[in-house]
2 protein chains.
Amino acid sequence: MEFSQAKNKFIQTWGALGSQWGINKTMAQIHALLMVSPEALSMEDIMSELHISRGNASMNLRSLIDWGIIFKEYKAGERREYFVAEGNIDELARKIAKERSKREIKPTLRVLEEVTNLENTDTKEAAHFKAKTAELYEFVSRADSMLEKITDYKENWITKTILKLMK
Amino acid sequence: MEFSQAKNKFIQTWGALGSQWGINKTMAQIHALLMVSPEALSMEDIMSELHISRGNASMNLRSLIDWGIIFKEYKAGERREYFVAEGNIDELARKIAKERSKREIKPTLRVLEEVTNLENTDTKEAAHFKAKTAELYEFVSRADSMLEKITDYKENWITKTILKLMK
DNA sequence: TTGTAGTTTCAATAATAAATGAAAGATTAT
DNA sequence: ATAATCTTTCATTTATTATTGAAACTACAA
């Protein structure tokens, strides 16, 4: 396979994966492009490589920066901004996990906690509801804290230890 | 809070969470409804509780069955079908993890493997590309196998062990 | 075999989400 | 100041995804 073909395939695949995970396609593609670029790229570079508009590029670059997985870079004597991706993949995973936890899991936990505090458990339905949501709360909370712990070890020795444990 | 309010809030929240994870809203809502229902529900029940059409209900029930997280139930002497959710939450998580791995992670791994096999690494770009995709392959592959191992232990002792280890 | 009670399919429509591009904002150089 | 270069915003358009509903299909009962 040609380099340009391989690169394109990688960007498309990463974009598709993004969509399935609730991240918009372009955002994932820009990230893919920056990951495999040895040099920082300008907005123009990104627009022309991915055939997207200025507005689209601008907005998605901002989102990626908000997520903390790409950074701005300035070149001496140049006004234009350049962008690079987080280079360390463990760190990338850590940031994504943290962000999704903050945006999705934590709010869900708050709702679960709220609805499981239902006082009135007269009916069979209400009692079952309370039990199930409590169980769900426990589970989600446990999973979230596991994820947090696994990803918080930057050196990632714990991951290796776990894998060894489970051989 | 009233039971019916709490129930509604839970269903809405679960639906919203689903969308963010690439699962359609109705599918997640049906699942939420069945999870908190002590009795099996018919398609009619689901349609009227969620105010959705027959076609929508039928299609999403099928998807949920394909995922293995809800089941059909037949009542003696009744022609109509009833549905119940997987009751065990660990088992639910295991099935979801397995399904997403099969549908998304495994295909991604195949592409990563393919593109990283690029022969020609003359240019700096190509060399960097090969290195990055290889690194990504290693990472995704490691994460996938961890997930598999964690969720495969039905009794889940390993999860508890890990949490203890990381205190 | 016809009717009844149910389920599935799928083309049409509606709802949602993403992308465009032109105008407005910044920032630096002259 | 004014121009030049670059970035951001956001109303509009376009693309994607979900939903509807009516017809086709299935299985059983009379």
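Order of the sequence lines fixes the chain letters, A, B, ..., with proteins taken first and strands second; residue numbering starts at 1 for each chain.
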Test log, rule side-chain contact (heavy atoms from CB on, under 4.5 Å), inputs B:Val84 and B:Phe71: CA-CA 5 Å; B:Val84 284; B:Phe71 311 102; 4.1 Å; yes
Pick base, sugar-phosphate or nothing for B:Glu81, based on heavy-atom distances below 4.0 Å to the nucleic acid. sugar-phosphate
Sorted by chain and residue number, the salt bridge (charged side-chain N to carboxylate O under 4.0 Å, His left out) partners of A:Glu73 (sequence neighbours excluded) come out as none
Test of understanding: with salt bridge (charged side-chain N to carboxylate O under 4.0 Å, His left out), list the residues that count as partners of B:Lys130, not counting sequence neighbours. none
Do you know which two heavy atoms are closest between B:Glu86 and B:Leu92, and how far apart they sit? CG-N, 3.9 Å
Considering residues, nucleotides and ligands other than B:Lys98, do more than 12 of their heavy atoms fall under 6.0 Å from its NZ? no
Quick one: salt bridge (charged side-chain N to carboxylate O under 4.0 Å, His left out) pairs with a partner in residues 24-50 of chain B, sequence neighbours left out? A:Lys124-B:Glu39, B:Lys7-B:Glu49, B:Glu44-B:Arg54
ILVMFWY clustering at 4.5 Å (side-chain atoms), partners of B:Tyr74: none
Check A:Arg103 with A:Glu99, please: is the shortest side-chain N to carboxylate O separation under 4.0 Å? yes
Who clusters with A:Tyr82? Use side-chain heavy atoms, under 4.5 angstrom, across I, L, V, M, F, W and Y, and order the result by chain and number. none
Got a list of protein N/O to nucleotides 20-23 of chain D N/O distances below 3.5 Å?
| residue | atom | partner | partner atom | Å |
| --- | --- | --- | --- | --- |
| D:dT20 | OP2 | B:Ser53 | N | 2.7 |
| D:dT20 | OP2 | B:Ser53 | OG | 3.1 |
| D:dT20 | OP2 | B:Asn56 | ND2 | 3.2 |

Heavy atom of residues 9-20 of chain A under 4.0 Å from DNA chain D: which residues? none
Please list residues of residues 28-37 of chain A whose heavy atoms come under 4.0 Å from any atom in DNA chain C, ordered by number; otherwise none. none
At a heavy-atom distance below 4.0 Å, what parts of residues 72-80 of chain A sit against DNA chain D? A:Lys72, A:Arg79, A:Arg80
Listed by chain and number, what are the salt bridge (charged side-chain N to carboxylate O under 4.0 Å, His left out) partners of B:Glu2, not counting sequence neighbours? none
Shortest non-hydrogen contact from A:Met35 toward B:Lys132: O-CG, 3.4 Å
Distance test, side-chain N/O of A:Ser42 to OP1/OP2 of D:dC6, below 4.0 Å: no
Under the side-chain hydrogen bond (donor to acceptor under 3.5 Å, both in side chains) test, residues paired with A:Thr116 that sit two or more places apart: A:Thr133
Mind checking what makes salt bridge (charged side-chain N to carboxylate O under 4.0 Å, His left out) contact with B:Glu113, not counting sequence neighbours? none
